[in-house]
Amino acid sequence: MTSKEIQGFKVVSVVFSSKSTTFHELFIKEHSLRHQEDNKPPGRTLFVLNIPPYVTEENLKNLFSPCGKVLNVILQNKNQFNNAYVIFSQREHLLKAVKVTNLCLNDLKSGLEKWIDEYNNSIEDPTKLSNEINNFMLRFDKNEEAGKKKVEEIDDEGWTVVTKKSRNPGIANKESVKIKINEKISQASKKKELQNFYTFQIKQSKQKNLTMLRKNYEEAKKKVTLMKSSRRFKPY
Amino acid sequence: MDSSDEDITDHDENESENEASDISKTPVENPNKRKHKEISQKSKKVKLEPISTEDPKKSKKKNELYKPPTIEELNNLKMTENLYNNNLFRLQIEELVKEVAIKTKRKKALSSWLENFKTNIENLPEFDDISLSDIKIVSKTKKSTKKDKFINNLVTNYQCHFKSDQDLKLNFLKPENIEVFGLYENNALAGPNLETSINITMPKSCFHVKDFLNNRYIVKRFYYLAYIAENLTDVHKKTIIYHENNILLPILLIQPTKDEKLIIKIHATPVEDYFKPSRFLPSQNNIKQDLFEANINDIEILRATPTILYNATLAHDVTLRENSAFVATTLHEHENVQEGIKLLCIWLKQRNLDVGYGAFTSNLIMYFVTYLLAKKKLNKLMSSYQIVRNFWSFLATTDLEKCPISLGDSSENNLAMFKQHFDIVFLDRTGCYNLATFLDKNVFRRVKQECEMAMRHLDDSRMESFHSLFLTKVPFGLQYDLLIDLTDALPLKDQFISTDVEKSKNIGYGQFLTITQISDLLHKGLGKRALNIVPHIEVKYKESPLTKVIFGINLNPETAFNFIEMGPVLNDYTKADEFRKFWGYLASDRRFRDGSTHVAVYFKTSTIRGKRGIIKRIIKYLLIEKLDIKFKLYYDEFEEFLLNKKVTSPYPVGTNEESCLKIIKFADELGQKLRSVQMSLSITGIQGLSDAFSYSEVFPPIAAKFRQADNAEIKGKNVIFPNKKIGMIPRLIEPLELVLQLEHSSKWPNNLEAIQHVKTSFYLEISKMLQDNHNIISHVTREYLEVFYEGLVFRYRLFVPKEIGLLKKAITETGELKYTENAKSEQLEKSLGILPKVNATLKGIQLQFPSFGPGTALIKRWLRSHLIDDFHMPDIVINLLNAALYVNLTSFQESCTPQIAFLRFLKFIAEFQWELQPVLVNFNEEITKEDIADLESKFQQNRAAVQPLYIIMPYDQGQSIFTKHSPSKETLHRVQGLAHATLKLVLGRIEEQLVFDLKELFKPNMEGYNLLIHLRPLLNPRRHEQIDNPADSKIVLEKYEQHKNEKIPIAGFNPVHSYLKALRESYGEFAMFFHDTYGGSTVGVLWNPKAKEVKEFKVAHINGKKLVNSKLELNEDAIIEDFYILGKGIVKWIEKK
């Protein structure tokens, strides 16, 4: 098989069982970006595209292990065609990986076997579960407590931090609160107005009424045109 | 009115030319001034602003809305408000009337033909002095005269099925007069077919004084028509038919040209004043001999009894001219009234109540409207809408069966005399002819019902009312809960012993007498169970004219399925005897709880399906055992598809109701136990989420003993799968989903994860209490609490409203706290917040309308069998759509059986215009009219943005939350196509007697898929639910009994379901997957055409592709192999097409 290459990507064909008659094409490339992230160290990270949905991180590790030791695999999304970053322990491994043209994966767990495992694992020991929860809640409560304390603290120089918990907490910075306030203001200003005082107001209200009638009529007409266009008026 | 109409159109034209040309008729008279102005404006525009034509138009549009109104416009707008229901209704009427306008081409063809006809008649050859006995083949000789030829033609072309007592002298003379009459002549005919009637007056010299006796007139009239027909040259087609299916009233039907839509009916009537109309009053006898072979024993009785139907037929002819003239003068120049008649005719025709013997004909509509007009109940100034409305209200509120009416001024005595003989009396101008003679009272009651319904529609001024009143066809087969087709038994034998008086009264209509008697028998047998029993009878001109007899029966939902038919008290010997005689071996003497003893019929049954079967048993008893008539019944054939034939339950089961009842009962029991559990927060509400709680699940789980295999692997309290290769998956035990609500508390943590943990700890607590206090086993996962109770598996989830809030919470850049919807919060709210409410309401609907649940189940069964599963069309959406039919009751009465509910749903979905309108399911009228209008206009405005199918219902603030993701447009089109095809076949079965196996309607079409994934049937836990079930062993379930060491069975494990889910999640963008939920063993796959496109190399396009010549192509083979990999173990093979 001759290797294919395009726009810096190398095409690697992968089979997922020894019985396979066909293969997926993975597109691989050394990861290089101007922004460097800690978990994707430069020089040792391989960028892999077009990974079939059922492939897990574990699978990928195994897949690339022939090239060298894989430290970590970062999969982007689940249950769809995937991108991944494969981080090798040494640059040589990466260089070796880039030269590979086909790979084979054998340890795939899928289908019935997988679902049965899932079902069996969904049944948990109640005591274990309850312990876990208790532990979590203890930790959580502790954290909350700690957070509260922090807030109430008086700092070294004797300043007290003003918090929401004081007597007059002020207005909360919430969207709903803002909307309510605006509504109140507009209503208050409406109350101040006289509705039917000036002639022009009466005239205007009449005009408004007429406009409404016309608008209704227009709307109805539009609907009818729509219906007409779908030949709704043929009775039989 | 007309002038104001023009004003509107004018105003349109100014506004935008396109729209105006679309919608309005061109004004007949245009004020010149304005036209001029318009033209100058236009030219100005072109001169000044040649580049942009958009802007001035826009500003103009604004001006249009605010310009000062003309008086006409104001009047017009006001009139719409006062005289019509609303704008939309008015516009729709206008459109419809335009649509049914008759083409000028046709009109011209008619008038030219008529002229031709008149001159033709002028030149008719005349033959006199032919005796009846002369009419036989005259052997051809060289000298054969014109007369001989004529006679020969008469014999060969026209068969007279009428007999008279003497050898009549026939004079074939030119008619005295020709008159055109009928709906078309009064400008009240709704096209596009043009049909008019001609009344030809036979001259005096054709008759003899006593010709009204013994069929003489009828025979003469027949030959006269034949004489006219024979001399009509230059017509495309001429046949003899019966006027309004009246078998003593043949007329000539002519189709002058090849145009099938132009039809002329020729009546022949005697010259005026020749016969006295009073001769035909229903007190007279005009037949002295048994000419109709009615087997009358005593001819004296015949001579003494009035021959009412025969008389009426003759009276029709004698009074035709006067009545037509009266109608014509009354309706003259009443355009709105004429329009009203057109609308009414369309309305009735859509309901199919205007055809057949005994029907409510369009002529009757015309007479009724004339009556109302003459009685000043209608007037010239009314709009057509008001005409229609008043007509409906008149029929709906007047009890015509009690109070006779008259077009002329008949005396009370006369009316009373008619009333003795006829059910409905509507006398004509002369007072000698009952216009409603042949109107069947059962048909009339149906029409009355329809009127009531129409009134309801008008008052509920929603958009569809017009559509369902005038534009939707309501096929006969869907109007009734039950149909009895007697066509196979034709011609009917005399099964009844009728008296000579009865026979004489109905002489000439003997077969119809039998039909009435059958109808009476059905009435008597079904009693209060039936609301109405409506005959549909068709005839054709031939020796035995009946061609079709069907009874449509609407059941009374409250009493139809009673299992006791209560008879009289035992002491009442004569009545009790009569009852016993009627019910034969079915009757028995019984003592009731209150101590009374009655003769009664008890129908033993233990299922709801069995209760529906009572109707069938009664009808079979009446028609087979009592009458021995062949018949076909359309009633419950489809229920078969709801039966689970492979699984036998420990309790009696018919369709799904019994299992649902059991489930609800046990869920309530368990619920009470849960409520009594002592916890820091008490449980305040428990509601069902599964379809079984609204009775709409096709195969609800069965409460039964769970048989555990000896070598079953066990983990804690659960059975799990053993750690080896599995060849067969056990029958699916579907867990029942419920939601728990706790009392309100402010102590829930402010953290999602913490809430979830607290929830799980609640589950654990409940689980422990159930075990300790009630000895009920359960197990807990992070998501739910699973309880095994009475042989059923219940899954409870806690609903904490705060969770939704936390999911929605987000902080904007300005530090403002904001709550926005996202997929997760929506999902949670939908499934645990809204769904229980909907489900509870649906259960209410089921209680009100017992056919809802099984009907919905049948819909699901049908749709799923065509490989459209929950993913494409969610269950809840089907539930809501069907509920809409029950809540709105638009075109039909309430459905009493699952079958008719299913068929009506098919019609609804096949015709529903989801692009144009939302579905409204206003449970308990919870949404106000204003809100509905608001939502509808919003829907209209951003149609493109909202989901294809939009359901407005009370619990989701008009968001149509259940249809957000599916069904898609494609699915809707597909479902509509399927529904249309299915319905056509089902109706064909009734209307054209098509014969096929109903299973065919539930067989999917496997053509057209790109791939078929064949699954291993033994690994499908629902395999026993298939419609075409291969020989598989039966599963017999035993009654549940609690025992020690009980374990929770494997529940909710469905690898097929998991497979489909995985396929859709992973490959949803490349292909669509279709599968029959109920045991289907094949998955149909369609490639998404977009995914198959060849693309340039780009990282965004790379998924699932392979590189071919530097371009990306779908890696089909690899993906197909992925399908194998994903379904490892359950996929047998994949077929490529």
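No hydrogens, no waters, no symmetry mates; every other heavy atom, side chains included, goes into these values. Below, read A as the first sequence line, B as the second, and so on, with proteins coming before strands; counting in each chain starts at 1.
- For the atom pair A/I133 CD1 and B/K759 NZ, the distance stands at 12.0 Å (nearest 0.5 Å).
- Contact annotation for B/V1131: neither backbone nor side-chain heavy atoms come within less than 4.5 Å of a heavy atom of chain A.
- Only the side chain of B/N1115 has a heavy atom closer than 4.5 Å to any heavy atom of chain A.
- With a 4.5 Å cut-off on non-hydrogen atoms, A/K178 touches chain B through its side chain but not through its backbone.
- Of the two parts of B/L1112, only the side chain, counted from C-beta on, holds a non-hydrogen atom closer than 4.5 Å to a non-hydrogen atom of chain A.
- Heavy atoms of B/F470 lying under 4.5 Å from chain A belong exclusively to its backbone.
- For B/S937, the part lying near chain A is the side chain, with the backbone staying farther off; criterion is any non-hydrogen pair under 4.5 Å.
- Between chain A and the options B/A754, B/G1129, B/A1118, heavy-atom pairs under 4.5 Å are most frequent for B/A1118.
- Only the side chain of B/F1070 comes within contact range of chain A, judged by heavy atoms closer than 4.5 Å.
- B/K715 contributes a side-chain N or O that, together with a main-chain N or O of A/I123, makes up a donor-acceptor pair within less than 3.5 Å.
- Looking at A/Y119, its side chain does come within 3.5 Å of a backbone N or O of B/A1051 through a donor-acceptor pair.
- Contacts between B/L1107 and chain A at a heavy-atom distance below 4.5 Å involve backbone atoms as well as side-chain atoms.
- Side-chain atoms of B/T781 never come within 3.5 Å of backbone atoms of A/S122 as a donor-acceptor pair (strictly under, hydrogens ignored).
- Interface residue A/N120: backbone and side-chain heavy atoms are both found under 4.5 Å from chain B.
- Residues B/S1066 and A/Y54 form no side-chain contact, since every pair of their non-hydrogen atoms from C-beta on lies 4.5 Å or further apart.
- Annotation: maximal heavy-atom pairing with chain A below 4.5 Å, among B/N750, B/T760, B/L1019, B/I1048, occurs at B/T760.
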Exercise. Evaluate salt bridge (Lys or Arg N to Asp or Glu O under 4.0 Å) for A/E25 paired with B/K1105, printing each intermediate quantity in order.
Key: CA-CA 7 Å; A/E25 293 186 346; B/K1105 302 282 168 55; over 6 Å; no
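- Interface remark: B/D1117 contributes backbone and side-chain atoms alike to the contact with chain A (heavy atom separation under 4.5 Å).
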